[in-house]
Visitor: 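Got a structure for you, written out below as structure tokens; questions coming shortly.
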Amino acid sequence: MSHIGSDISQAKTILSAGNTVAIPTETVYGLAANAFDVGAVAQIFSIKKRPTFDPLIVHTHSIDALHSFVREIPKAALQLAEAFWPGPLTLLLPKKSIIPDLVTSGLDRVAVRIPNHPLTLALLQSLDFPLAAPSANPFGYISPTTAKHVADQLGEEVEYILDGGAANIGVESTIVGWENGKATVMRVGGLSIEAIENVIGPVDILAVSSSNPAAPGMLKSHYAPRIPMRAGNITELIKKNSSKKIAVLSFQQAYPAVHINYVLSKTGDVNEAAQNLFSAMRELDTTDADIILTEFVPAIGLGLAINDRLKRACAE
Ligand code: TXA
Ligand code: MG
């Protein structure tokens, strides 16, 4: 069993020995290892049962520290970095060879971010290497937003879980890359498109539905509970599924007549809904419901990221 605690020096010792530690961030918990150590990184893939075509995000503590493993930072990337780091933004930047190919699945760009969590920032500052860290869940399942979520599924495999409380954003970082020089959002996430466009102007958004491994991380079915999930008009879906034991995951409105109902935000706040989303999905997934019925939220701010995760959770 893994230990759960907030001891940065213990985390440092384990990571420096080439092993993995689960770390808190403001988005979701990550499963971290020394990004320069191919053996340590290989452990991440094996613990998560993650295919090696799906590359990892590298976490560091400052823009200065980036230069040891990134060749250059384009102007628009630097503008975003200065505006939003530490924060829920990941940038795709040309890598130096010190980053093993396993981290980037052979791509010449590495995904990087500075997470906004005091414990993890202090840990990163104490290390002389950056941390490769995907979300700390078995591949394809719902991302963890608490230390307990990590322990529930990976407790046997991870030696130490650094407990930094519940993630206060609740969905993964927004990933921005460059296609023919144009800023392109590769994954909608915890930083809104509106905020990004305020700094660098209009951006493209990669289509959500791709299941092409050549567009890593955009796999169609992901973040999925074990119980089948359907999204649409909840009242109609309840009628259609009346013979089943129904769990409802609704945005603002309550559905007291069903077996179990989780309301994401009684005040209709998309930020609160994002914070609660993965906990809610996990909680409903532990019930004896036959089906989870849900609905999309308003497509503003973090609503885009919520709807993206719901779509993928419903994909076959
Ligand atoms: O908020 C987050 O981003 C969290 C925390 C722990 O930082 N991490 C996270 O990692 O969500 P993960 O591995 O679950 O998702 C990272 C996504 C993957 O879908 C991956 O395909 C994409 O980032 N990615 C990583 N490196 C890439 C690269 N070089 N080029 C394109 N996509 C990349
Ligand atoms: Mg993930």
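In what follows, every heavy atom counts, from backbone to side chain, and hydrogens, waters and symmetry copies are set aside. Both counts, for ligands and for their atoms, begin at 1 and track the order of listing. Model, not experiment: these values are computed from the prediction.
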Visitor: Heavy atom of Arg113 under 4.0 Å from ligand 1?
Guide: yes
Visitor: With a sphere of 6.0 Å drawn around NZ of Lys96, does it hold more than 12 non-hydrogen atoms of other residues, nucleotides or ligands?
Guide: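 Yes, because the 6.0 Å sphere around NZ of Lys96 holds more than 12 heavy atoms from other groups.
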Visitor: Nearest heavy atom to atom 27 (C) of ligand 1 wins, so pick from Ala133, Pro55, Gly177.
Guide: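 Considering heavy atoms of Ala133, Pro55, Gly177, the nearest to atom 27 (C) of ligand 1 sits in Pro55.
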Visitor: Establish, yes or no, whether the cationic atom of Arg226 lies under 6.0 Å from the six-membered ring centre of Tyr141 and within 45° of the ring axis.
Guide: yes
Visitor: Show the atoms of ligand 1 that are less than 4.0 angstrom away from any heavy atom in Leu107.
Guide: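 Every atom of ligand 1 under 4.0 Å from some heavy atom of Leu107: 28 (C), 29 (N), 30 (N).
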Visitor: Between Arg309 and Glu172, is there a side-chain N and carboxylate O pair less than 4.0 Å apart?
Guide: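 Salt bridge: yes.
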Visitor: For the 3.5 Å polar cut-off, considering only N or O atoms, please tell me whether Thr25 and ligand 1 meet it.
Guide: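 By distance alone, the answer is no.
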Visitor: Run the numbers for me: atoms of ligand 1, each under 4.0 Å from some heavy atom of Ile175, listed by number.
Guide: 17 (C), 22 (C), 23 (O)
Visitor: How does Leu56 reach ligand 1, by side chain, by backbone, by both or by neither, if only non-hydrogen atoms under 4.0 Å count?
Guide: backbone
Visitor: Is it true that a side-chain atom of Asp163 and a backbone atom of Gly5 form a donor plus acceptor pair closer than 3.5 Å?
Guide: no
Visitor: At a 4.0 Å threshold, what atoms of ligand 1 neighbour a non-hydrogen atom of His59?
Guide: 5 (C), 6 (C), 7 (O)
Visitor: Give the ring-plane orientation class for Phe278 versus Tyr223, where under 30° counts as parallel, over 60° as perpendicular and anything between as tilted.
Guide: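 The arrangement is parallel - the two ring planes meet at less than 30°.
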Visitor: Quick one: look at Glu26 and ligand 1, take heavy-atom pairs under 4.0 Å, and tell me if it's side chain, backbone, both or neither.
Guide: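 It is neither part, as no heavy atom is under 4.0 Å.
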Visitor: Minimum heavy-atom separation for Ala76 to Ile200, with atom names?
Guide: O-CG2, 3.8 Å
Visitor: Which pair of non-hydrogen atoms, one from Leu237 and one from Ala231, has the smallest distance, and what is that distance?
Guide: CD1-C, 3.7 Å
Visitor: With respect to Arg109, determine whether any N or O atom, backbone or side chain, lies less than 3.5 Å from an N or O atom of ligand 1.
Guide: yes
Visitor: Output yes if Tyr223 passes the N/O/S-under-2.8 Å test against the Mg ion (ligand 2); output no otherwise.
Guide: no
Visitor: Check each of Ile193, Ile175, Leu191 against Val185 using the side chain to side chain contact (heavy atoms under 4.5 Å, CB included) test, and report the only one that passes.
Guide: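 Answer to the side chain to side chain contact (heavy atoms under 4.5 Å, CB included) test with Val185 among Ile193, Ile175, Leu191: Ile193.
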Visitor: Using a 4.0 Å heavy-atom cut-off, say whether Arg187 meets ligand 1 through its side chain, its backbone, both or neither.
Guide: side chain
Visitor: Nearest to atom 31 (C) of ligand 1 by heavy atom, Thr27, Leu92, Ile114: which?
Guide: Leu92
Visitor: Does an N or O from Thr104, backbone or side chain, lie closer than 3.5 Å to an N or O of ligand 1?
Guide: no
Visitor: Considering non-hydrogen atoms only, spot the tightest contact between Asn34 and Leu131 and give its length.
Guide: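 What the structure gives for the nearest pair is N-CD2, 4.1 Å.
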Visitor: Regarding atom 13 (O) of ligand 1: of the candidates Arg50, Met186, Lys48, which has the closest heavy atom?
Guide: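 Looking at heavy atoms only, Arg50 sits closest to atom 13 (O) of ligand 1.
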Visitor: Taking N or O atoms only and a 3.5 Å limit, does Asp54 qualify as a polar contact for ligand 1?
Guide: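 Yes, at least one N or O pair falls under 3.5 Å.
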Visitor: So that I can tick it off, tell me whether Lys245 and Asp290 are bridged by a salt bridge, with the cut-off set at under 4.0 angstrom between side-chain N and carboxylate O.
Guide: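 Between Lys245 and Asp290 there is no salt bridge, as every charged N stays at least 4.0 Å from the carboxylate O atoms.
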Visitor: Below 4.0 angstrom from a heavy atom of Val28, which ligand 1 atoms are there? Numbered from 1 as shown, please.
Guide: 4 (C), 6 (C)
Visitor: Whether Asp101 and Lys95 form a salt bridge (side-chain N of Lys/Arg under 4.0 Å from carboxylate O of Asp/Glu) is what I want to check.
Guide: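 Salt bridge present between Lys95 and Asp101.
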Visitor: Answer yes or no: does an N/O atom from Glu172 fall short of 3.5 Å to an N/O atom of ligand 1?
Guide: no
Visitor: When you measure from the heavy atoms of Lys95 to every atom of ligand 1, does any distance fall below 4.0 Å?
Guide: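 The answer is no: ligand 1 sits nowhere under 4.0 Å from a heavy atom of Lys95.
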